[in-house]
Each structure stands twice: as structure tokens, then as C-alpha cells.
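Working notes, structure below.
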Number of protein chains: 2
Amino acid sequence: MGVRKARAAETEAALKDAARRLFAERGYLNTKIGDITAAAGRATGSFYDHFAGKEELLQALRADMEAQADIEIATAAHAAATDADHAAAHAADHAADHAVGQAVGRAANHAADHAAGHDLTDPAQLREHLAVAWHVFRDHLPVMVALMQSSMAAPPRSGDLWRRLEDETGILRDHLEDLRERGHPLPGDPRLVAAAMGAMLSTLGYAVLTAGEHRPGFSDEEVVDTLTALLLHGLAGPPPGAAAGA
Amino acid sequence: MGVRKARAAETEAALKDAARRLFAERGYLNTKIGDITAAAGRATGSFYDHFAGKEELLQALRADMEAQADIEIATAAHAAATDADHAAAHAADHAADHAVGQAVGRAANHAADHAAGHDLTDPAQLREHLAVAWHVFRDHLPVMVALMQSSMAAPPRSGDLWRRLEDETGILRDHLEDLRERGHPLPGDPRLVAAAMGAMLSTLGYAVLTAGEHRPGFSDEEVVDTLTALLLHGLAGPPPGAAAGA
DNA sequence: GTCTATAACAGGATAGAC
DNA sequence: GTCTATCCTGTTATAGAC
């Protein structure tokens, strides 16, 4: 790789970094191309040598995020697999795939293999799913914020948000369908239940993790524990003799 | 009221109507002042004789919505109160107040009185709460869409979304706190649980009710039933002998 | 109060030298 | 590839006649 190409890659990285920084601070919609180039220490015109526009930049950031999430997930799953506890390893492994799909909207390739054998009614597995999704959201907050703002800014009737919700919860839906096939009673159509859970997770994540000053003051663990308890047994609480996850 | 004033009121109403129509079609963010005046059959300049800007118009629409919701709620509660079934009437009455607060972000005045005596663990009452919130959302979709787009477009760190979530779920939170004080185990901090439920309801509502062509095909009842079942007993389902709402 | 016309200002995107 | 300079478009908001 020549110096020229290296310099170009450097500029592209600088633009991406600046974009992530600004997306977290001002949001995607309020960040102008000029803001990004200024923050990256480049000229406005240079932007268009790397990206066709703001939307293309966002897609590039999304690709980066998915790639990095894959790595994090894989190592997390591996770490869990070295554990003595089979159930935990199993949960972490599958939770990873699901959660990434859930938070990012991908991983259809692994879905089929891993759908079977899951049990979202197991407190540990459900908690692990939610925890991974929550932390992916937190670790990639700038891009998640940008993606959410972008899909909320689209014309309502385009159905963008519903599509996004379905994409993000593909794996979760598979797990639910699997659960239903094995005879477990579900609250409703797996598509709907999965979308509802995705809606809760993404909007609550956005609200809690971006609040900054006016921070609600909930720790990651408290949020994950609460969502686990709520989604596992609802408001009525666990049946008298059950060993719950809360 | 003179003719001049009446004409002015007419124009203001025309602007509001046009705005609601366009907000539902193109969304709040993509609707320009000029679009509204054109759709209302007025000149662009006339807009500023009635509103200081788009944000002020939105606040006016919000006020209208809240006023109308009050009426709808009151009559609904009254109708329910004439029923022979005490429990149903009770549920509908309080559900109304909550749901409006939930969907609209107000009704703090009634909160204190009505918080006591509720029981969100009762399937009928929970369902009623969710049903009213869902229908308020649907009936005022243009304004709800605009409000959501507006708060999502704000700078993330402003904490706008978290504040909005807390405001919308004030009454729900009160009910949960009441429940907790009466010894019922909750999934977590009432503020957090309420916010999570609000996040689910508003985002799912937006996604499902705006999807248009790419409509998921779920009826209002199916959604309300599903959310009731999910929030009442979670994914694990009702305890063996329970009479659930699903 | 309503209109026409226009000022004022983003913001996106390109041209051409280096 | 990167820069400087500029064009061009859309949108807000106001001025002033009616």
C-alpha cells in the first residue's frame, strides 16, 4: 500500500471518527457535512472523495459496527465456551448471535443453525440475550443513534420503522417460533412479540443511554435485570415456587 | 365574534387540518411551512399571522389533542360507569386517565386520586389501560407521529426522549408504585418499568400504525391482547392454574 | 388578515488548481 | 486526494401593498 493510499485511508478514518463523535453529540440529523469535515481537520470537498453523501457514510459506519460486533460476539462466545457451565456457554453463544441480529439487523446466516435448542423461558438465557443486545447498543451508541434518527426521519408511511424492527428481531422471532413449535404457549404471534420486545429495547436504550446530564441513574445491570424479569414473568410476577432471574 | 375574526379562525383551522394531513403522509420533519400553506390554500406569509413557527404549530396541535382526548376519555369512562360490572367500570375509568397520560403526557391532576385502588396485575384492568392508550395513539396518529419525530430529531444528549418517556408514563408509574407499596413484587424500579412499557407501546404503535402498504396485518385487538399477555405474565406464560387475559 | 415578493441564509454538491 | 472557491437549491421569515 503506497503512501497516497495510506493517506487516503487515514482521511477516511478521520472522517468516520469525527462523524461518530458528532453523531453522539448533536445527533445524525443535526450534523452537517461541513461539521464532519471541520472536526476531521479536512476540507469540505474532500468528503465527496470518500462518500457520496451522509447516508452512504452512515451505511459504512453500520458495516464497521457489524464487523466489530461479530468479533466481540465471537470472543465472548468463545470465552463462555471455555467455562465449565454448559448452559451458560450455550446461552452466551446463541445469545450473541441473536443479540447482534436484534441490535443490528443481521446474522441471518447463523439463525437457522442456532434457533433450535434455545429456550427464552430460561432466566439465564433470556438475561444473556438482553445483556448482549444492551451492551452492543451501548458500545456502538453513535451509530445506533444515527440509525434510529435516520429511520425515524423517513416518511411514516414508508414502513421503514416496521421493517427495521422486523429485521432487528429476526433471530428473536425464530427462537419464539421454535418455542411455540415445541408446545410452549406464547403471548401472541412471534413476529409481533419479537417486534414489541425490539421496540422496548431500542427505544429504552436510546432514552437511557443518551440522557447525559439528566441521567436516570440506572446501571446496565439494573436495566437488564428489570427487562429480564418483566419479559420473563410480566407484572404479575413469577409463580409462587419458581426460581426467577430477578 | 366578527366576520374578520371568524375568517381568521377558519384559516387557522385550515392550517391545522392541512398540517395534520401532511404530518401523517410525509412526516413532521419533511413537511415544510410552504407545504402546509399550499395544502390549506393560503399564502406562505399567512402562516406567521397564526403561528411563530412549525414547533409552535405542533404544540397547538398537541393542546387540541389533549383537549379532545379528555372528552373521549370522559365519555368512555361514563359509559363504562353505567355498566353493571363494577370492576369493568373501575378499570375503564382509571385506565382512561392513565392511558391518556401514557400516550399524551399529562393528567397529573387526576393521578393522585386515582392511583390508589388500581391493580395492573388484573388482566382486565391491564388490558383496558393498554387498549385506551393504543386507541388514543391511533385516533391522533398525525400528532403522535409529529411529536415522536420531533423528540427523536433533538440532540441526543438533551435527554428529550427520556423526559418524554417519563412524562408519558407518569400515571403508570404511580400505579406501579402503589402496587409495590401494597407488597406486590415488581420487576424493578417503577420508573424504569413504566418507561420500558411506554417505549414498547409508543414505538410499536408508530411502527404498526404507520406501516401503510407494508402493513403487518395485525388488528388492534390482536396487538392489545398480545401486549397484555406479554406484560402480564411474560414469555414464561401464566402459572398453571391462572385465568389469564389471553 | 391575507396576499405578493423578496431578503437572508443555510446546506449540499461541484470545478479546477495543486 | 486534497484543497479553495463557488454555484445552486431549498426554506425560513419579513416587508409592505391591499
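Please read these numbers as outputs of a predicted model, since none were measured by experiment. In the text below, chain A, chain B and the rest are named by the order of the sequence lines, each starting its count at 1.
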> Out of D:dT4, C:dT2, D:dG1, which has the shortest distance to the side chain of A:Ala8?
Replying inline: D:dG1
> Over how many whole Å does the gap from B:Arg42 atom CZ to C:dC3 atom C1' extend?
Replying inline: 12 Å
> Between C:dA10 atom C1' and A:Asp35 atom CG, what is the distance in whole Å?
Replying inline: 11 Å
>> Just the rounded figure in Å: distance from C1' of D:dT4 to CZ of A:Phe47.
In response: 18 Å
> If you pin B:Ser46 and A:Thr31 to their nearest nucleotides in DNA chain C, which one's is more 5'?
Replying inline: B:Ser46
>> Side chains of B:Arg191 and A:Phe218, heavy atoms from C-beta outward: is any pair under 4.5 Å?
In response: yes
> Nearest-Å distance, CG (B:Leu57) to P (D:dT11)?
Replying inline: 17 Å
> Rounded to the Å, how far apart are B:Leu29 CG and D:dG10 C1'?
Replying inline: 16 Å
> In terms of side-chain heavy atoms of A:Lys32, which of D:dC3, C:dG11, C:dG1 is nearest?
Replying inline: C:dG11
> Between B:Glu25 and A:Arg157, does at least one N-O distance fall below 4.0 Å, as a salt bridge requires?
Replying inline: no
> Picking from C:dG12, C:dC3, C:dT2, which would you name as closest to the side chain of A:Ile33?
Replying inline: C:dG12
>> What I want to find out is whether B:Arg164 reaches B:Asp167 closely enough, with some N-O distance under 4.0 Å, to be called a salt bridge.
In response: no
> For the side chain of A:Asp49, counting heavy atoms from C-beta on, which of D:dT11, C:dG11, D:dT2 is nearest?
Replying inline: D:dT2
> Taking the side chain of A:Tyr48 as heavy atoms from C-beta outward, which of D:dT4, C:dA13, D:dT2 is closest to it?
Replying inline: C:dA13
> Counting N and O atoms only, with roles assigned by atom type, does the side chain of A:Thr203 sit under 3.5 Å from a partner on the main chain of A:Ala199, one being a donor and the other an acceptor?
Replying inline: yes
> For the pair made of CZ in A:Phe51 and P in D:dG1, what is the distance, rounded to whole Å?
Replying inline: 12 Å
>> From CD of B:Glu55 over to P of D:dA13, roughly how many Å is that when rounded to an integer?
In response: 12 Å
> Roughly how many Å is it from CD in A:Glu10 to P in D:dC3, rounded to a whole number?
Replying inline: 12 Å
> With a 3.5 Å cut-off and no angle check, do the side chains of A:Tyr28 and A:Glu55 form a donor-acceptor pair?
Replying inline: yes
>> Given C:dC3, D:dT2, C:dG1, identify the nucleotide with an atom nearest to the side chain of A:Thr11.
In response: D:dT2
